[in-house]
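Okay, so here's the structure we're looking at.
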Amino acid sequence: MLIELEDESPTPHEAVPCMVMTMHQGKTNQFGKVEYMGCLRNINPVLCPLSALAFYFFFRWGMDGATSFPSFRQPEDYYELFALPGSVTVPARPLSYRTQWDWEQRMFKAVGIQSKEKTHSARKQAARHAELFGVPESEIRRAGRWNTDALTGVYLSYLPRSFMRTIAGFPKEGRGYFLPRAQHTPDEALCSRIWPVADVWLARMEAYHPDRQDNEVVRCDLAGCGFLRLLRVLREVLLQDSVILRKQFPLHPLWKDSLFSCPEYLSFATRVEESLANVVTPDELTMQKYWPAQEAVAKLRHETTVFEIRGLQSRMTSVWERLDQMERSAASSTTPSATVTPVWIQQGGTGIWIGPTEVANPHLPPPPPSTASTSPPAGPPGSPTTAPAAAPAAAPASTLSPDSAPDSAPDSAPDSAAPPFILDPQAPPMPYTMTRGSNSVLRLWTEWTMGLDGGPSIQALDRCWGARWRVGPGEPMFYSRRRRVMMEIQRRVQEGKASYERQAVDQLDQLRGSRSLDWLCKNIESLCL
């Protein structure tokens with residue numbers, strides 16, 4: 001029986017025949033259960049099982065002087081015939097195990113193969129071959145019929161498609177069925193020279209009707225029709241593969257047959273040879289060849305983006321929790337004159353102003369107090385409740401943390417997560433040490449623009465305090481070298497070499513290769529000239 005995997009062959013150049021066989025007994029099936037297995041046309045015609053079967057049937061029924069084609073008038077005429085009999089002259093005699101073993105031993109000896117297994121060698125090596133090419137173990141078990149679970153035996157298809165693709169030389173996944181030698185289909189006049197009687201019997205079976213009296217067959221048999229249709233496909237396989245095999249084995253006596261010297265065949269062989277000399281691989285197959293590497297890069301970038309988004313969400317959640325605490329503290333205060341100290345929270349590219357509505361712009365000074373009664377309570381210099389006389393941005397407090405909350409909220413609970421970095425331009429600068437040991441341009445860019453591990457971004461520190469926060473030993477030099485990389489990222493975006501900063505980061509990481517980030521910082525100017 002012959003079928004086509006229509007769901008996996010949507011385009012003409014991907015169509016490939018699949019021969020499906022039924023089995024009723026075997027080493028793993030001793031109870032007469034109906035099992036199925038199939039095979040595809042192999043990329044290499046020497047290894048193709050359909051090609052071998054086609055040439056065998058041609059040798060048996062199609063060559064000059066071969067035995068006559070069997071009768072398909074009634075099932076009894078062909079049901080007892082074996083596809084691989086023990087003798088061509090006696091097709092009703094099965095091929096014995098001893099004959100198989102003898103021929104296997106002769107073949108192994110002729111090519112110098114030393115193996116304990118003889119008839120079992122193909123089954124064993126096929127499983128190893130599939131494993132080397134990455135076929136899942138479950139597919140190999142289905143192919144060898146080693147699975148006994150109900151899912152495989154009752155509900156799933158018996159055709160392990162990944163295994164069949166791999167054994168035939170195709171990618172184990174996808175729809176890359178492309179055979180250059182099958183681009184040309186032989187003419188019907190040429191095909192009809194091979195087993196012409198098969199067309200006659202197939203036409204008689206298809207014309208059968210139970211109400212007619214002049215039927216030329218006893219009944220339309222499903223097995224007989226399937227075998228005759230198989231022969232129609234096999235003769236195309238034979239003609240297409242013979243063009244290549246004649247060049248590889250020019251001295252084989254098979255080519256002396258009149259079929260391979262007729263004008264129709266010579267014209268067809270010329271067309272096939274010309275197409276093989278100028279093979280154009282379809283674009284989708286070329287894409288499938290490089291897709292695994294591109295898929296890995298895309299997956300890595302996707303994971304990096306998701307990680308960055310989650311980090312930003314975590315920071316924003318911390319900021320909003322802090323804002324909520326301050327609002328509740330101001331609303332629950334019993335002192336009528338209590339106010340929230342204006343402060344500018346800068347985290348990454350996000351800035352939030354906390355203070356009265358009248359001074360919602362952090363760049364404008366808040367209005368001076370009209371009376372002493374409206375002034376916040378006095379406190380030591382630098383405390384969170386001290387209001388500035390004319391603060392352009394925020395109160396004198398340097399940072400706010402759970403342990404240093406405003407006096408108006410003494411009962412506020414500390415945050416479970418790390419609080420955001422709250423920057424006050426009028427407060428003394430808080431020293432910050434840039435991350436050491438980072439060996440990635442992406443990590444440097446993240447720290448520079450958004451901050452790492454809940455810390456401030458380098459851009460926010462520069463906007464708030466300029467260079468006054470860089471007071472640690474070696475910090476100015478470390479900052480200066482890292483700044484070269486950030487300037488190069490901006491330059492690439494401005495000059496159009498990158499569409500956005502994240503793309504420029506990837507370009508510099510590729511330029512760095514396996515070398516360190518410090519090496520890139522020291523050589524960035526010479527590399528990017």
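Residue numbers run from 1 in the order of the sequence given.
Across all non-hydrogen atoms, the minimal contact from Ser499 to Val493 is O-CG1, 4.4 Å. Here the closest heavy-atom approach between residue Met430 and residue Trp469 is recorded as O-CB, 3.7 Å. Residue Asn42 comes nearest to Pro49 through the heavy atom pair CB-CD, 4.5 Å, listed as atom of the first residue, atom of the second, then distance. Between Val441 and Arg512, the shortest heavy-atom distance links the atoms CG2-NE, 4.4 Å. For the pair Val471 and Pro431, the tightest heavy-atom approach, listed with the atom from each and the gap, is CG2-CB, 3.7 Å. Nearest heavy atoms, Phe108 versus Glu117: CE1-O, 3.6 Å.
The local environment of CZ in Phe307 is sparse, with at most 12 non-hydrogen atoms from other residues, nucleotides or ligands closer than 6.0 Å. Within 6.0 Å of the CD atom in Glu131, the count of heavy atoms belonging to other residues, nucleotides or ligands does not exceed 12. More than 12 non-hydrogen atoms from other residues, nucleotides or ligands lie less than 6.0 angstrom from CZ of Arg468. Residue Gln503 places its CD atom among more than 12 non-hydrogen atoms of other residues, nucleotides or ligands, all under 6.0 Å distant. Taking a 6.0 Å sphere around CZ of Arg310, one finds it holds 12 or fewer heavy atoms contributed by other residues, nucleotides or ligands. Enclosure of atom CE in Met487 is not indicated, since only 12 or fewer non-hydrogen atoms of other residues, nucleotides or ligands lie within 6.0 angstrom.
Under the 3.5 Å distance criterion, the side-chain polar atoms of Ser242 are matched with a main-chain donor or acceptor of Leu239. Within the 3.5 Å criterion, the main-chain N or O of Pro476 finds no donor-acceptor partner in the side chain of Ser480. No donor-acceptor distance shorter than 3.5 angstrom exists from the side chain of Glu104 to the backbone of Gln100, with no hydrogens or angles considered. At distances below 3.5 Å, not a single donor-acceptor pair connects side-chain atoms of Ser51 with backbone N or O atoms of Cys48. Checked by atom type and distance alone, the side chain of Lys118 pairs as donor or acceptor with a backbone atom of Ser115 at under 3.5 Å. Under a 3.5 Å cut-off, the side chain of Arg181 and the backbone N or O of Leu276 do not form any donor-acceptor pair.
Interatomic distance, CG of Leu517 versus OG of Ser438, reported as 5.5 Å (0.5 Å rounding). Between atom NE2 of residue His120 and atom NZ of residue Lys124 there is a gap of 7.5 Å, rounded to the nearest 0.5 Å. The OG atom of Ser516 sits 5.5 Å away from atom CG of Asp518, with the distance rounded to the nearest 0.5 Å. One finds the CZ atom of Arg470 at 8.5 Å from the CD atom of Glu475 (value rounded to the nearest 0.5 Å). To the nearest 0.5 Å, atom CG of residue Asn523 and atom CZ of residue Arg484 are 9.5 Å apart. The CD1 atom of Ile458 lies 12.5 Å from the CE atom of Met450; values are rounded to the nearest 0.5 Å.
The closest side-chain heavy-atom distance from Ile43 to Phe170 is below 4.5 Å. Here the side chains of Ser457 and Thr449 are not in contact, with every heavy-atom distance at 4.5 Å or above. Side-chain contact between Gln183 and Val272 is absent, with no heavy-atom pair separated by less than 4.5 Å. Contact of the Arg165 side chain with the Phe133 side chain is not registered, since no non-hydrogen atoms from C-beta on lie closer than 4.5 Å. Looking at Cys39 and Ile167, their side chains never come closer than 4.5 Å, going by heavy atoms from C-beta outward. Looking at heavy atoms from C-beta onward, Leu442 lies in side-chain contact with Glu308 at the 4.5 angstrom threshold. Residues Met21 and Tyr36 fail the side-chain proximity criterion, which asks for heavy atoms closer than 4.5 Å. Residues Arg128 and Gln125 are in side-chain contact: their nearest non-hydrogen atoms beyond the backbone lie under 4.5 Å apart.
Annotation: salt bridge (Lys or Arg N to Asp or Glu O under 4.0 Å) contacts of Arg235 (sequence neighbours excluded): Glu188, Asp199. Remark: Gln490 engages no residue in a side-chain hydrogen bond (donor to acceptor under 3.5 Å, both in side chains) (not counting sequence neighbours).
The aromatic ring centroids of Tyr432 and Trp465 lie 6.0 Å or more from each other.
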TODO: Let me see the working for Val237 and Arg41 under side chain to side chain contact (heavy atoms under 4.5 Å, CB included), right down to the final yes or no.
DONE: CA-CA 9 Å; Val237 173; Arg41 288 189 68 178; 3.9 Å; yes

>> If you apply the rule side chain to side chain contact (heavy atoms under 4.5 Å, CB included), what do you find for Met164 with Cys18, and how did you get there?
In response: CA-CA 9 Å; Met164 293 167 59; Cys18 169; 3.5 Å; yes

* Could you walk me through whether Asp241 and Arg246 pass the salt bridge (Lys or Arg N to Asp or Glu O under 4.0 Å) check? -> CA-CA 9 Å; Asp241 291 1; Arg246 280 203 316 163; over 6 Å; no

(Q) Show, in sequence, the C-alpha distance, side-chain angles and deciding distance for Arg491 and Glu488, and conclude whether the salt bridge (Lys or Arg N to Asp or Glu O under 4.0 Å) test is met. (A) CA-CA 5 Å; Arg491 186 186 69 83; Glu488 176 61 23; 2.5 Å; yes

- Could you go through the side chain to side chain contact (heavy atoms under 4.5 Å, CB included) check for Leu179 and Gln240 one step at a time? CA-CA 10 Å; Leu179 289 174; Gln240 292 168 348; over 6 Å; no

Inset, instruction - Show the numbers, then the answer: is there a salt bridge (Lys or Arg N to Asp or Glu O under 4.0 Å) between Arg142 and Glu139? - result: CA-CA 5 Å; Arg142 290 175 61 189; Glu139 288 277 312; 3.5 Å; yes

Side chain to side chain contact (heavy atoms under 4.5 Å, CB included) for Ile524 and Leu508? Distances and angles first, verdict last. CA-CA 9 Å; Ile524 188 70; Leu508 293 182; 4.1 Å; yes

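Thr435 and Glu447 share a side-chain donor-acceptor pair at under 3.5 Å.
Using the six-membered ring where Trp is involved, Trp448 and Tyr479 have ring planes that are parallel, under 30° apart on the 30 and 60° scheme.
Applying the side-chain contact (heavy atoms from CB on, under 4.5 Å) test between Val243 and each of His184, Arg271, Glu273 identifies Glu273 as the sole match.
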